[in-house]
Amino acid sequence: MMDIVAPQENVVRVRFAPSPTGHLHVGGARTALYNYLYARKNNGIFVLRIEDTDAARSTRESYEGILRGMRWLGLEWDEGPDIDGPYGPYVQSARSVLYHSEADRLLREGAAYRCFCTASELDAMRAAQEARGEAPKYDGRCRARSAGAVEEKLAAGAPHVIRFMMPSGGETRFRDVVRGDFAFGNAELDDFVLIKSDGRPTYNYAVVVDDAHMRISHVIRGDDHISNTPRQVRLYDALGYRLPKFAHLPMILGADKTRLSKRHGATAIDAYRDLHYLSDAMVNYLALLGWSFDGKRELFTFKALIEAFSLKRVSSNPAVFDTGKMEWINAEHFKMLPPAEKLELVSEVLEEEGLLPPAFEVDLSRPVDLKLVAGTEPLRVDTIDAAKKSFARELPRLALIIEVLGNRLKLLRDVRELMGYFYTDDFHRDENAVRRHLASKETGSRLDALALAYENLQYFDRASVEETLRGLADRLGIESGELIHPCRVALTGKTVSPDIFWVITLLGKAKTVERLRAAAATAAAPTAPKDE
RNA sequence: GGCCCCUUAGUCUAGUGGUCAGGACGCUUGGUUCUCAGCCAAGAAUCAGGGGUUCGACUCCCCUAGGGGCUACCA
């Protein structure tokens with residue numbers, strides 16, 4: 001028990017201490033991340049502690065959601081509610097004996113006292129103070145109760161709280177790793193509650209007791225806690241605990257520079273996972289929100305982040321959460337993924353979208369050369385999880401489609417829009433594109449001619465496909481673009497796509513001819529063409 | 001109201017008394033091309049305002065403004 005007062009000096013122990021009253025949001029995740037990075041960088045311990053002292057607002061779902069979010073991000077904790085350690089339990093509702101024994105100590109030493117004021121009494125007090133133009137704060141009226149009077153109340157079972165006896169004068173000082181020195185006048189602080197009348201500890205009290213008893217060496221948290229810190233410092237002092245180092249992180253704001261909230265769109269980490277962001281990209285972006293390496297380098301793998309991270313490079317000004325930048329980072333991370341991983345990820349999304357298994361099968365005229373798809377790295381479809389499923393035979397083609405799509409695929413959530421037409425006839429068609437490229441008689445007959453040429457093509461590989469189209473354009477005496485553009489709209493419903501010859505090849509002869517003819521019919525139709 | 005924090009382009013940031021104020025996202029223009037993405041090249045855009053201190057302020061001090069936090073038997 002006494003060694004609590006003198007924790008091991010050199011071991012870095014940090015914690016993330018969410019209250020299970022909502023989602024893991026980006027601000028919380030960023031705090032968790034910085035703690036995690038700091039721990040890993042310094043061979044320290046990362047503790048997850050659940051602060052569920054608010055009985056009314058804490059929920060099981062929230063608790064599970066937070067753990068899920070952290071695991072998705074890859075922020076594995078060393079000690080926590082589900083991983084016991086030397087200083088558990090790691091859920092505050094299971095630590096009440098400790099809070100009470102420490103409170104009793106404070107009571108005995110005269111550093112705290114019992115307060116029997118009722119809610120209405122406190123309201124009246126505050127109202128009076130405000131009427132007088134004073135700052136509302138507890139006036140300490142219960143400090144003076146005699147021991148006898150307290151005993152009497154207690155015996156009568158009167159509800160009460162335990163309050164901290166704040167020194168009325170002097171200053172409380174502490175140093176913050178990112179912002180430097182602070183000094184607060186004690187007169188600003190009042191006798192705050194330690195133990196609520198329901199027997200549970202308040203945040204400011206429990207956080208101190210737990211951080212001390214869990215040997216937390218660095219308290220890394222949002223700067224909304226700066227104003228709480230002097231109270232906590234007084235508590236550390238009264239309890240005889242050694243002070244940890246503090247590092248307060250700047251807030252994360254929405255586009256209008258106010259505190260990030262639901263109004264600004266998705267704030268829950270879960271939402272970004274559901275949007276198919278890569279967790280490493282998310283982590284990379286979050287890391288940059290309030291921290292920089294050298295002002296130049298911005299792309300980091302998780303591992304590189306651990307290596308690069310430092311609390312000294314945390315900035316003190318709040319940061320606006322910018323999804324545009326996050327999307328760029330996501331795209332960069334996606335680019336770096338090995339082909340096998342892209343295949344795995346994309347097939348998952350396709351399956352989720354109901355596009356896999358495909359609505360129609362395509363037999364490529366030649367077997368797909370996986371070496372070509374995977375570049376130098378050998379792509380082994382048989383090692384891929386999804387390959388065990390019903391659409392395993394589609395994977396080689398999918399790998400090629402992904403390759404051909406290249407950097408156009410930046411966000412997994414765009415999978416349907418970018419490659420849906422390879423998997424279903426029910427793909428999105430851009431009406432403007434149809435009107436612009438598929439609305440003339442000449443176009444109709446040209447597409448028919450192209451369909452015929454392809455129908456007669458023996459080897460439907462990319463080279464022959466290109467040769468056929470360009471040859472036809474020559475014979476027709478038109479630019480190949482005049483064939484390519486309507487063809488693209490006919491096959492994909494859009495004016496943009498990857499290399500058209502790859503699209504044709506990967507769509508296969510039968511589908512290509514079918515769509516070409518259908519488009520030719522629409523184009524030749526006398527009235528304005530309409531899809532659906 | 002009181003106390004506290006923050007302020008470099010639209011956004012994230014580098015900077016720590018003398019720099020042409022650097023990088024990135026986004027944006028604009030040009031190149032590559034069957035479109036788009038990508039890539040390459042170029043470009044527009046910033047020290048919140050006002051006072052000091054100093055030979056010299058983005059950098060130090062003060063004030064103002066704006067934003068944020070705490071001031072709960074929320075965390």
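Scope of the values below: all heavy atoms of this structure, side chains included, with no hydrogens, waters or symmetry mates.
Phosphate proximity of B/G15 to A/Lys296: absent, as no side-chain N or O sits under 4.0 Å from OP1 or OP2. Within the structure, a side-chain polar atom (N or O) of A/Thr53 is placed less than 4.0 Å from OP1 or OP2 of B/A75. Side-chain N/O atoms of A/Lys257 include one lying less than 4.0 angstrom from OP1 or OP2 on B/U11. For A/Lys410, a side-chain nitrogen or oxygen approaches OP1 or OP2 of B/G38 to under 4.0 Å. In this structure, A/Lys137 does not reach the B/C70 phosphate: none of its side-chain N or O atoms is under 4.0 Å from OP1 or OP2. For A/Arg313 and B/G15, the shortest distance from a side-chain N or O to OP1 or OP2 is below 4.0 Å.
No donor-acceptor contact under 3.5 Å links the side chain of A/Thr258 to the base of B/G67.
Listed candidates were B/G38, B/C34, B/U71. Nearest to the side chain of A/Asn228 is B/U71. Picking from B/G1, B/C25, B/A37 the nucleotide with the shortest atom distance to the side chain of A/Pro136 gives B/G1. The side chain of A/Val161 approaches B/C73 more closely than any other nucleotide in the set B/G38, B/C73, B/A72. Among B/C6, B/C73, B/G69, the nucleotide with an atom closest to any side-chain atom of A/Arg126 is B/C73. Counting only heavy atoms from C-beta on, A/Asn407 has its side chain closest to B/G38 among B/U11, B/C34, B/G38. Among the nucleotides B/A75, B/C73, B/G26, the one closest to the side chain of A/Trp328 is B/G26. Listed nucleotides B/C5, B/C3, B/C73 differ in distance to A/Ile226; the shortest reach to its side chain belongs to B/C5. Proximity note for A/Asp499 (side chain, C-beta onward) versus B/C6, B/C73, B/C34: the nearest is B/C34. When the nucleotides B/U13, B/U11, B/A72 are ranked by their closest atom to the side chain of A/Asn317, B/U13 comes out on top. Here B/A75 is the nucleotide among B/C4, B/A75, B/C6 with the atom lying nearest to any side-chain atom of A/Tyr203.
Atom name P, nucleotides B/C27 and B/G10: the rounded distance is 16 Å, in whole Å. Between the P atoms of B/A48 and B/U59, the separation comes to 8 Å (whole Å). Taking atom P on both B/C5 and B/C61, the two are 12 Å apart, rounded to the nearest angstrom. B/C58 and B/A21: their P atoms are spaced 10 Å apart (whole Å).
Judged by distance alone, with hydrogens and angles left aside, the side-chain atoms of A/Asp224 form no donor-acceptor pair with the main-chain N or O of A/Met251 at under 3.5 Å. Side-chain atoms of A/His437 do not come within 3.5 Å of backbone N or O of A/Ala433 as any donor-acceptor pair.
A/Arg413 and A/Tyr277 share a donor-acceptor pair across their side chains, judged by distance under 3.5 Å alone. Between the side chains of A/Thr31 and A/Arg221, no donor-acceptor pair is found at a separation under 3.5 Å. With hydrogens and angles left out, the side-chain atoms of A/Asn228 and A/Tyr203 include no donor and acceptor closer than 3.5 Å.
Pair assignment for B/C39 gives B/G31, based on Watson-Crick or G-U wobble hydrogen-bonding distances that are each under 3.5 Å.
Residues A/Phe192 and A/Tyr205 keep their aromatic ring centres 6.0 Å or farther apart.
At a threshold of 4.0 angstrom between heavy atoms, the contacts of A/Ser316 are confined to the sugar-phosphate backbone, with no base atom among them. Nucleic acid contact for A/Phe192: none, since no nucleic acid atom lies under 4.0 Å from a heavy atom of the residue.
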